[in-house]
Number of protein chains: 2
Amino acid sequence: MADIRDVAQRAGCSIATVSRALNSPQLVRPETLARVQAAAAELKFRPNALGRQLRGERTGLIGVMLPTLGNPVFADCLEGIEAAIDGTGRRLLLVTTQYDPERERNAIETLLQQRVDGLLLTLADAEHSALIDDLAAEGVACQLVYNDAPERPCVSVNNRAAAAQGVAMLIEAGHRDIVMVTGALHASDRAKRRYLGYGDAMQAAGLTPLPAFEIDFNSGARGERVREWLAQRERDGARPTALFCSNDLLALGVMRALREAGLRVPDDMSVLGFDGLAVGELLSPTLATVVQPSVDIGRHAAQRLLAQIEGRDGRTGVATTLPDASLGQALILPHEIRRGGTVAAPPGKPR
Amino acid sequence: MADIRDVAQRAGCSIATVSRALNSPQLVRPETLARVQAAAAELKFRPNALGRQLRGERTGLIGVMLPTLGNPVFADCLEGIEAAIDGTGRRLLLVTTQYDPERERNAIETLLQQRVDGLLLTLADAEHSALIDDLAAEGVACQLVYNDAPERPCVSVNNRAAAAQGVAMLIEAGHRDIVMVTGALHASDRAKRRYLGYGDAMQAAGLTPLPAFEIDFNSGARGERVREWLAQRERDGARPTALFCSNDLLALGVMRALREAGLRVPDDMSVLGFDGLAVGELLSPTLATVVQPSVDIGRHAAQRLLAQIEGRDGRTGVATTLPDASLGQALILPHEIRRGGTVAAPPGKPR
DNA sequence: TTGAAAGCGCTAACAT
DNA sequence: ATGTTAGCGCTTTCAA
């Protein structure tokens, strides 16, 4: 593989001139420039980014860490990130963590060793994580994505208010026995906030919030769990009339389990999701859900990160222009309630 | 940020010893090792991967180029890739191209400049692309993903046979008027092969293949297009009874358009997809589709790439162990037909 | 406008 | 077991 020296020799100039020709063509005489370009082309010269990055003060690399791409909500977000960095000459280093805190630590460390200019992270639980404080202390440019941590640099929706609004819609449809279904509650700051929002809405309507029904997210036998739970509730004579699922993927799985258990949605049971996956609109009945603007969340997070990076010295990480204080705080994007066919009046109480 | 020299000084040894302590601990006296580790910890030393990569013969970076993550089929594949490299200490550099051939060129060049050890690519059209030959000529380790190019290093299903089998199922259900719906046919080698398979199945049954109905993939107004087309067909008295969609995402969009046009699936029209997206099983009716093992495609492609990389000298790219010839050829994974509620007997001809 | 030279942080001979 | 040293390929003063 030809290096800059080979090009210099062939063009009859020094390596400094080649470097200039490539990076600041206006600094070099047109004639020389042409010779360098010709030489580079003939030798199929491909600049080694590692050399440049080692020498320079920035790598142009952005580290992205997400729990999984199996949930389209994260894939969508990543599309937004891609869109935001498109044309900036930056590249993405991607890692997924499967919601595993240890993998989170390792992944971040790896990304930092590669000298990424900044980090875009979705943590399983940003509240119980010292990671972010460490990063801030080290002066690493970083934005949280989806995590809903008011005092931190993050981009999200107001999960609590959004959930409350969704549940209020269920109540308005006539439901009083509403249960929230979620993955492990302790493992996700978003799920926790959504549960708080559920509680808010129930109490505002004078109803008693019920314990959440937690399902292991990684278990293959989710359908089985749901059916057991339903049977149990049935025996207790306490079957709810509506389920609020902490995310759309879960809602889809739950709906399938309901179907397998012989329950119809929405006739026997209403279902509300959270996320706003595009696929929800293609179902029939369409999935009622709390929509978060996933692509925009990704896009904004990336834009904020870029602003953060560009507002500081690349080598030292020290702010060079006065930092936009808002970049260190949460950016809350608007959510939306999508009404859908999976929510109707409870059985026996048509409105 | 502390560098290896700082650690050496603090540990009272040379930088070479520090390097050894980090990379080959067994070469260094336990006592020294401890001193180095202590020094590294105290200084919060974070090895600079760029230095190592510049010096070494491999970067541990894998370049991944996919058309989009908006289609879960690629997100799934990426999960498989992640799974395969997990634990190998390698990282992914990810780029999406939106099926744009120019972006494909640029992306590959960028990845190569970063000195990735190998490339995992899904090209819009691998047949009309000289890129792969160029890469092969340069000795770049590379595997195509999903592209179905018999003579090339790729991992895919037999798109033609798979499509034929799917269409045969439609025919078996009693359909004779079957149209294939697809994105721009010329832009995708997969769509082309699936169309060939469609033709095979039609002819095998003594039916005349019809021209494909091509819809612009990037258009927001797909539903509109579908309705227009249906109306036109209606006027001509040539409305098909079944649609074979070249991928599941398209099938979902088409089904929505059908619903909006007042047609019921499968009563008025049967629909068959291709991909086997998990979400298809959650719909009701469930989506009948030709399933490709997306995660496995990603996983196998990554494994083959790693084998390719490890079987050659990192610096020169020259084979050092005798290269497994099969890595240069297509690996065809088995597909599967998933029967689903979207396919039934044509109207008026119940079986 | 161009060149010489000093590194960026690390690894791997080679020497001790 | 450890140290010395020569780069990996590039950018960027500083001088000419």
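These numbers come from a predicted model, not from an experiment. We name chains A, B, ... by the order of the sequence lines, and we start the count at 1 in each one. Only heavy atoms go into these numbers, but all of them, side chains included; no hydrogens, no water, no symmetry mates.
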_Test: salt bridge (charged side-chain N to carboxylate O under 4.0 Å, His left out). Region: residues 55-81 of chain A. Which pairs qualify, not counting sequence neighbours?_
none
*On DNA chain D, which is the earliest and which the latest nucleotide, 5' to 3', with an atom closer than 4.0 Å to a heavy atom of chain B?*
D:dA1 to D:dG9
*Can you list every pair that meets salt bridge (charged side-chain N to carboxylate O under 4.0 Å, His left out) and has a residue in residues 302-313 of chain A, with sequence neighbours left out?*
A:Arg90-A:Glu310
*Tell me, please, which residues at least two apart from B:Asp86 pass salt bridge (Lys or Arg N to Asp or Glu O under 4.0 Å).*
A:Arg103
*Quick one: ring-ring contact (aromatic ring centres under 6.0 Å, His included) partners of A:Phe45, sequence neighbours excluded?*
none
*asked:* Checking B:Asp189 now: which residues fulfil salt bridge (Lys or Arg N to Asp or Glu O under 4.0 Å) with it, not counting sequence neighbours?
replied: none
*asked:* According to salt bridge (charged side-chain N to carboxylate O under 4.0 Å, His left out), does anything in residues 104-114 of chain B pair up with another residue at least two apart or in another chain? List the pairs.
replied: A:Arg46-B:Glu109, B:Arg105-B:Asp134
*Does B:Asp296 have any side chain to side chain donor-acceptor pair (under 3.5 Å) partners at least two apart in sequence or in another chain, and if so, which?*
B:Arg299
*Could you write nucleotides 6-13 of chain C as a row of B, S and -, 5' to 3', where a protein heavy atom under 4.0 Å of any base atom gives B, of only sugar-phosphate atoms gives S, and otherwise -?*
BBBBBBBB
*Given axes from five pairs at either end, by how many degrees does the helix from C:dT1-D:dA16 to C:dT16-D:dA1 bend, rounded to 10°?*
40°
Report, one line per pair, each donor and acceptor closer than 3.5 Å where one atom sits in a side chain of residues 25-32 of chain B; sequence neighbours left out.
| from | atom 1 | to | atom 2 | distance (Å) |
| --- | --- | --- | --- | --- |
| B:Arg29 | NH1 | B:Glu31 | OE1 | 2.9 |

*A:Glu127 CD: over 12 foreign heavy atoms closer than 6.0 Å*: yes
*For residues 111-125 of chain A, pull every pair meeting salt bridge (charged side-chain N to carboxylate O under 4.0 Å, His left out), keeping only residues two or more places apart or in separate chains.*
A:Asp125-A:Lys192
